[in-house]
Protein chains: 2
Amino acid sequence: MKKRILISDIAKSLGVSVTTVSFILNGKAKEKRISEGLTKRVLDYVKKVGYKPNQLAQSLRTGQSKILGLIVEDISNPFFSNVAKYIERIAYDNGYHIIYCSMDNDVTKAKELIQLFYDRQVDGYIITPPEGLEETVANLIKNNVPVVLFDRYIPNLETNYVVLDNFNGAFTATKHLLENPSNKRVGFVSLFSNQTQMRDRLEGYMKAIDDFQQQAYIKKIKIDEDEASSIEQLHEFIASNKLDAVLFATNYLAIHGLKAIKEYKMKLPHMVAYDDHTLFSLYEPGISVVTQDTATIANELIHTLLNEIKGKNKELQKITIPSELLVRGSSVISEEALEQTS
Amino acid sequence: MKKRILISDIAKSLGVSVTTVSFILNGKAKEKRISEGLTKRVLDYVKKVGYKPNQLAQSLRTGQSKILGLIVEDISNPFFSNVAKYIERIAYDNGYHIIYCSMDNDVTKAKELIQLFYDRQVDGYIITPPEGLEETVANLIKNNVPVVLFDRYIPNLETNYVVLDNFNGAFTATKHLLENPSNKRVGFVSLFSNQTQMRDRLEGYMKAIDDFQQQAYIKKIKIDEDEASSIEQLHEFIASNKLDAVLFATNYLAIHGLKAIKEYKMKLPHMVAYDDHTLFSLYEPGISVVTQDTATIANELIHTLLNEIKGKNKELQKITIPSELLVRGSSVISEEALEQTS
DNA sequence: AAATCAATTTAAACCCTTTTAGCAAATTAT
DNA sequence: ATAATTTGCTAAAAGGGTTTAAATTGATTT
């Protein structure tokens, strides 16, 4: 923690030039034909005094900041904070840092953040794009800035992305609900949003509904609706349609749903939420979810980005990760439900 | 997004020197007695072309990175991610960026992170110190690095910190539980940890127990215990002592407790958790919590740190934020509980 | 008219690396 | 024995700003 030691100090102490030390430190000893003896001597000394290059100077010179920008919808959503946690870890293991931000589905904020990151010369971006960010992202791509989209992609824009198999996730979930003979009326709660993940989840729901030749009950909530109003609307939706089951397109919509149920003492025998949450595993009755391995997602994201930065991606990576339906509490719950109704 | 414009470009275009532009941009026009006319001309032009100084070059020269390091216990814990979200926002509004990390209560990792941040020349630190970090933090202080501790502090070390009134929080919570005449046996679940927040919560619990002249039931869990074992131990603790109520010292311990209750179909009529969680508000019966305004905490933290950086703190800031007992569901629940038991 | 002074502006040093271009000595080829 | 390479290393420029120390200009004094 004492006074910072510089590369010139090393050079002086060893009686060699700064250039030589730099070459050796950057693994160019062979290439620059520096003798093995000297290489070892420098390396040993550097290790002994614990010299570390000044990142800022290094970045200024190389144009590489070794910082990655992560722009997620909302870091306080456990889905995103879990992914962030893994990304952070892998990035660090690869010598990168993460600067992260929540954009709260606000295009203006997202644009500002990207500009800010750009000014900071981050080496790459992982972005969950809100609607309206198409042009900004297109611009980044055009300028050869490494970008990976996440959770949703931008149609008609050729980018790397890592998303979930939303269609099959929603399809399987809806099918699961419909297969229960007591569920005649199965609804779907989503957002007013044309983002791909929402579109695909809707399509998955519709496919299942059509397969079972049932009526569709679809409710969309405004993306920036305040919680109280959202709860109010969900109450109305569930109660007036006398729904037996609902598929919620996001975890917080499902939470609003639960709050509505609690507040208005409604019955909603079955539901499936999108993206898991501690709450869902402990709630009685247990709440089934469409889930996915956040570690896998983080892995794909960060590796895609790092490869892009290193120019190792021969072609665009369009990765779809299968999602899984985690059925909860059916046995326990049906017992308990029976007990309670009896 | 096009090619970056430099300060030298500005100077050339305007036919003045780089120095002059720099002075004006850094608000030293008056001090350096640069004429108002020129000042305005430069400022207008800079705005017109949208010039922004290269942060790296700036940092390299001034030694200020405008980056703050935030080291929390676990970013996926909603308490921390909420505080982080606010901190992030305020920092940005003040022209600072946040680099954050979870240290997972691992001293080695925390030390590495601090070293890493130090190498990156962050301008200040917000740290939730794990046990064993005393010396490292002391070292930072000794080197005049701006530091604010958070959630817990280090006894005998003179630092800025922002913590909660853990003693009163735990005391009030325990008192609340004891005041219910049906609660004879009130336990406390905490961690094997000498961190101040845990120590104070224990003392608050003990004070209430002593005031009511009751027996104490205290269970500590290893700080890095795996979830399954933690659940197992909590089951044993609650069941064998036939506890009527439990105060949990952290939100995840309370979650483990709930899992134990669910898994082993136990009864635990009342509980209070430390740090709120969506789960606790929706669980049936609603779970009371000791909570606090994360916005206030974040505000105090970031402003203390920024003032420290600017040298505006005349003295050390030792801030204790009052915590609040949020009693949940007592009325509704007792009704429902009655219904179920009847 | 020369000297002094204040008001402006600027050249150059500095922050710390990386990297280009090149030099001197040792080898090899002719 | 000399020219052509190769080997081993380095001086200096570059990267993009900030800041010190000094130069320039015009006005005022002597």
Side-chain angles (χ1 to χ4, degrees), chain A residues 2-43 45-46 49-67 95 118-123, chain B residues 2-43 45-46 49-67 95 118-123:
Chain A
K2 58 201 77 156
K3 205 161 111 265
R4 216 174 270 278
I5 175 170
L6 309 178
I7 195 170
S8 52
D9 297 332
I10 307 269
K12 203 175 295 170
S13 304
L14 259 40
V16 296
S17 82
V18 167
T19 312
T20 306
V21 177
S22 176
F23 281 153
I24 293 172
L25 252 25
N26 291 309
K28 297 185 180 169
K30 284 246 172 50
E31 182 192 335
K32 299 292 178 180
R33 290 170 303 215
I34 288 165
S35 66
E36 284 190 17
L38 182 54
T39 302
K40 187 169 179 327
R41 203 153 66 88
V42 169
L43 252 23
Y45 186 76
V46 162
V49 299
Y51 164 77
K52 297 224 187 88
N54 179 316
Q55 264 288 342
L56 290 172
Q58 213 163 237
S59 297
L60 177 59
R61 180 62 234 225
T62 60
Q64 293 231 312
S65 62
K66 293 280 179 181
I67 292 180
Y118 189 78
D119 292 341
R120 287 262 173 190
Q121 291 166 255
V122 307
D123 292 343
Chain B
K2 57 201 76 154
K3 202 160 112 265
R4 214 175 272 277
I5 173 169
L6 309 179
I7 194 170
S8 52
D9 297 332
I10 307 270
K12 204 175 294 170
S13 304
L14 258 39
V16 297
S17 82
V18 167
T19 312
T20 307
V21 178
S22 175
F23 281 152
I24 293 173
L25 252 26
N26 290 309
K28 297 188 179 167
K30 286 248 169 50
E31 180 191 336
K32 298 293 176 180
R33 290 170 298 219
I34 291 167
S35 66
E36 283 190 20
L38 181 55
T39 303
K40 186 168 179 327
R41 203 154 63 88
V42 169
L43 251 24
Y45 185 76
V46 162
V49 299
Y51 165 76
K52 297 226 186 87
N54 179 317
Q55 264 288 343
L56 290 172
Q58 211 163 239
S59 298
L60 178 59
R61 179 61 229 228
T62 62
Q64 293 231 314
S65 63
K66 293 279 179 182
I67 293 181
Y118 190 79
D119 292 341
R120 288 260 172 192
Q121 289 165 256
V122 307
D123 293 343

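In the text below, chain A, chain B and the rest are named by the order of the sequence lines, each starting its count at 1.
Listed in residue order, the members of residues 50-59 of chain A having a heavy atom less than 4.0 Å from DNA chain C are A:Tyr51, A:Pro53, A:Asn54, A:Ala57, A:Gln58. Heavy-atom distances under 4.0 Å link DNA chain C to B:Val16, B:Ser17, B:Thr19, B:Thr20, B:Phe23 of residues 16-27 of chain B, given in residue order.
Each of B:Arg33 and A:Lys32 has a nearest nucleotide on DNA chain C; the 5'-most of these lies closest to B:Arg33. Residues B:Leu38 and A:Ser8 both approach DNA chain C. Their nearest nucleotides, taken by heavy-atom distance, put B:Leu38 toward the 5′ side.
Applying the salt bridge (Lys or Arg N to Asp or Glu O under 4.0 Å) test to B:Lys32 and every residue at least two apart in sequence or in another chain returns nothing. For A:Asp9, there are no salt bridge (Lys or Arg N to Asp or Glu O under 4.0 Å) partners, not counting sequence neighbours. Every residue two or more places apart in sequence or in another chain that forms a side chain to side chain donor-acceptor pair (under 3.5 Å) with A:Gln121 is listed here: B:Asn54. Under the side chain to side chain donor-acceptor pair (under 3.5 Å) criterion, B:Lys12 pairs with no residue, sequence neighbours left out. When the side chain to side chain donor-acceptor pair (under 3.5 Å) test is applied to B:Tyr45, the partners found at least two apart in sequence or on another chain are B:Ser13. Residues passing the salt bridge (Lys or Arg N to Asp or Glu O under 4.0 Å) test with A:Lys28: none are found, sequence neighbours excluded.
The shortest heavy-atom contact between A:Ser65 and A:Gln55 is O-OE1, 4.2 Å. The minimum heavy-atom distance linking A:Lys66 with A:Asp123 is given by the pair N-OD2, 2.6 Å. The minimum heavy-atom distance linking A:Ile10 with A:Tyr51 is given by the pair CD1-CB, 3.6 Å.
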Please list every donor-acceptor pair under 3.5 Å in which a side-chain atom of residues 18-25 of chain B meets a protein atom from a residue at least two apart or in another chain.
residue	atom	partner	partner atom	Å
B:Thr20	OG1	B:Ser17	OG	3.0
B:Ser22	OG	B:Asn26	ND2	3.4

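Side chains of A:Leu60 and B:Gln58 form no contact here, defined as non-hydrogen atoms less than 4.5 Å apart. In this structure, the side chains of A:Arg41 and A:Leu38 come closer than 4.5 Å at one or more pairs of heavy atoms. Contact check for A:Arg120 versus A:Ile67: no side-chain heavy atoms found under the 4.5 Å cut-off.
Backbone-only engagement by A:Lys28 is indicated by non-hydrogen atom pairs under 4.0 Å involving sugar-phosphate atoms exclusively. Residue contacts shown for A:Leu60 include a base, since a base heavy atom lies under 4.0 Å away.
Rounded to 10 degrees, the angle separating the terminal helix axes of the helix from C:dA1-D:dT30 to C:dT30-D:dA1, each built from five base pairs, is 70°.
Of the inter-residue distances, the one linking A:Lys40 atom NZ with A:Leu43 atom CG reads 8.5 Å to the nearest 0.5 angstrom.
Nucleotides of DNA chain D that come within less than 4.0 Å of any heavy atom of chain A span, from the 5' end to the 3' end, D:dT7 to D:dG16. Chain A approaches DNA chain C over the interval C:dC16 to C:dT20, counting the first and last nucleotide 5' to 3' with an atom under 4.0 Å from its heavy atoms.
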